[in-house]
Amino acid sequence: MITIGSSSWHERAKLSIPGGVSSPVRAFQSVGSHPRYFVRGEGSKVFDIDGNQYVDLIGSWGPMILGHAHPAVVEAVVKTSRDSFSFGAPGPNEVLLAEEIIARVEPAEQVRFVSSGTEAVMTAVRLARAATGRDLIVKFAGCYHGHSDALLVEAGSAIATLGLPNSPGVTVGATKDTLVLPYNDEAALRELFATRGHEVAAIITEAAAANMGAVPPEPGFNRLLADLTKSHGALLILDEVMTGFRISAGGWWQAFGKPEGWEPDLFTFGKVIGGGFPLAAIAGKKEVMQLLAPVGSVYQAGTLSGNPVATASGLATLENCTPAVYKTLNLRATQIGEGISHALTGAGLEHSYQTAGNLFSFFFAPGRVTNYAEAKLQDTARFAKFFHGLLEKGVSVPPSAFEAWFVSAAITDADVDQVLSAAEYAARITREFSGVDKKTT
Ligand code: PLP
């Protein structure tokens, strides 16, 4: 058998797949070089086709919370697969998984499964519009909610920018009912609701923004969203595709929202609930969820929705997400996040180390980042250098300065040591690249 490496595979891939990838960020475009072709994962590690191994701080962008090939998840998947991959009919696993989600997230009274976070959000928006009889959706710049047309819009810097399509092929008509506000801007929100609150069907927000790097909500921000939607007859959709069942046993809301005393009307989940298989969900108050067909008239469907293998994987993953797992995730995130920040400081590299629960990221920026406009001011060339330094030393992190980093519960003390020693090296070469020495001497 002829074996070829990642770089050759990528060249070959580009002939048959646009950019060689099935999702753009994987192409390494913003950091340069070529993606690594991973062929195996075990616990905290991933192995590429060239024979290199890495500590994995991507975790498939969130789902691999227990690490790769966790024995209980593998067993559940294999056992279920033996009895067929799909029936296109209801099955016990989806009921059990729905019950597990409901048990963990109190405001979630019913759950509908879909195959991707994008679909979950599309359905949540449709439900909110149907429930309120209104059209307008408010979202925040820098928050990503999947690639459906209505939400693929970016903000301008004005108070309430009418959404303009973020991608060719998305019509102005598709986004004309989407208003984009700056994240963490209470004044802009109040102003919008004072004038147009009665037209708003829903606010959608990431529970903590983690698609522009880790940018947590300022204290009271999410609460204000709940208050404003409630007082204006609109719904709050809390997008926990990234944070759900990762930040705590019940996600971001459980850890931060519940203590603050507010509740969303709808949640969207993905990533962890499929344990690496395509699975996502909409969950919420029964009165809203019951608008979905076949009970109500809001149409939503999917050939593979609630797939038995995907739900078996999700169920086994959640069953193994014990309190001890969350303790470990928090510990590893702190050890790695603080350790890397220390290495960057030691190298004289100005940065902002930011956390959103156990998600974290680093901005090569002069101050704390609280919104997308500030995130865009970071020095992405420095990030690219730092990224490659880590990769060279066997640490795989997101190939973009605008992504959060993910730890798994499989990370060991030895992995932490390896990451921190790699960070020392990566910080040193980033410092040389940045010419910090020249500026300060
Ligand atoms: N919502 C959030 C907060 C996400 O982070 C993502 C994906 O990263 C999505 C929605 C879309 O999920 P998917 O990629 O499964 O369509």
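Position 1 is the first residue of the sequence; numbering continues from there. Each ligand, and each atom within it, is numbered from 1 in the order the structure gives.
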Identity and distance of the protein heavy atom lying nearest [atom]:
atom	value
atom 12 (O) of ligand 1	Gly117 CA, 3.2 Å
atom 16 (O) of ligand 1	Thr118 OG1, 2.6 Å
atom 2 (C) of ligand 1	Tyr144 O, 3.3 Å

Under 4.0 Å from any heavy atom of [X], which atoms of ligand 1 are there?
X	result
Gly146	9 (C), 10 (C), 11 (C)
Ser116	15 (O), 16 (O)
Glu206	3 (C)

**Request:** Determine, using heavy atoms of Trp61 and all atoms of ligand 1, whether some pair is separated by less than 4.0 Å.
**Result:**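 It does not; every heavy atom stays at 4.0 Å or beyond.
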For residues 312-319, dump all side-chain donor-acceptor pairs below 3.5 Å to protein atoms at least two apart in sequence or in another chain.
| unit_1 | atom_1 | unit_2 | atom_2 | d |
| --- | --- | --- | --- | --- |
| Ser313 | OG | Gly274 | O | 2.7 |
| Thr317 | OG1 | Ser313 | O | 2.8 |

For the residue pair [X] and [Y], confirm or rule out a side-chain donor-acceptor distance under 3.5 Å.
X	Y	answer
Asn184	Thr370	no
Glu206	Asn211	yes
Thr243	Glu240	yes
Gln300	Arg112	yes

**Asked** Would Glu11 and Lys14 pass as an ion pair if we require N to O under 4.0 Å?
**Response**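 Salt bridge between Glu11 and Lys14, a charged N being under 4.0 Å from a carboxylate O: yes.
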Please work out, at 4.0 Å between heavy atoms, whether the side chain, the backbone, both, or neither of [X] comes within that distance of ligand 1.
X	value
Lys271	side chain
His145	backbone
Asp239	side chain

**Item:** Under-4.0 Å heavy-atom contact between protein and atom 14 (O) of ligand 1
**Value:**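 Looking at atom 14 (O) of ligand 1, one finds that no protein heavy atom lies closer than 4.0 Å.
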**Request:** Run down the list Thr268, Asn211, Val241, Leu238 and name the one with the heavy atom closest to atom 5 (O) of ligand 1.
**Result:**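 Result: the heavy atom closest to atom 5 (O) of ligand 1 is in Asn211.
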**Glu287: salt bridge (Lys or Arg N to Asp or Glu O under 4.0 Å) partners, not counting sequence neighbours** =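 With neighbours one apart ignored, the set is empty.
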**Message:** Is the distance from the ring center of Phe140 to that of Phe221 below 6.0 Å?
**Reply:**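 Between Phe221 and Phe140, which both carry aromatic rings, the centre distance is below 6.0 Å.
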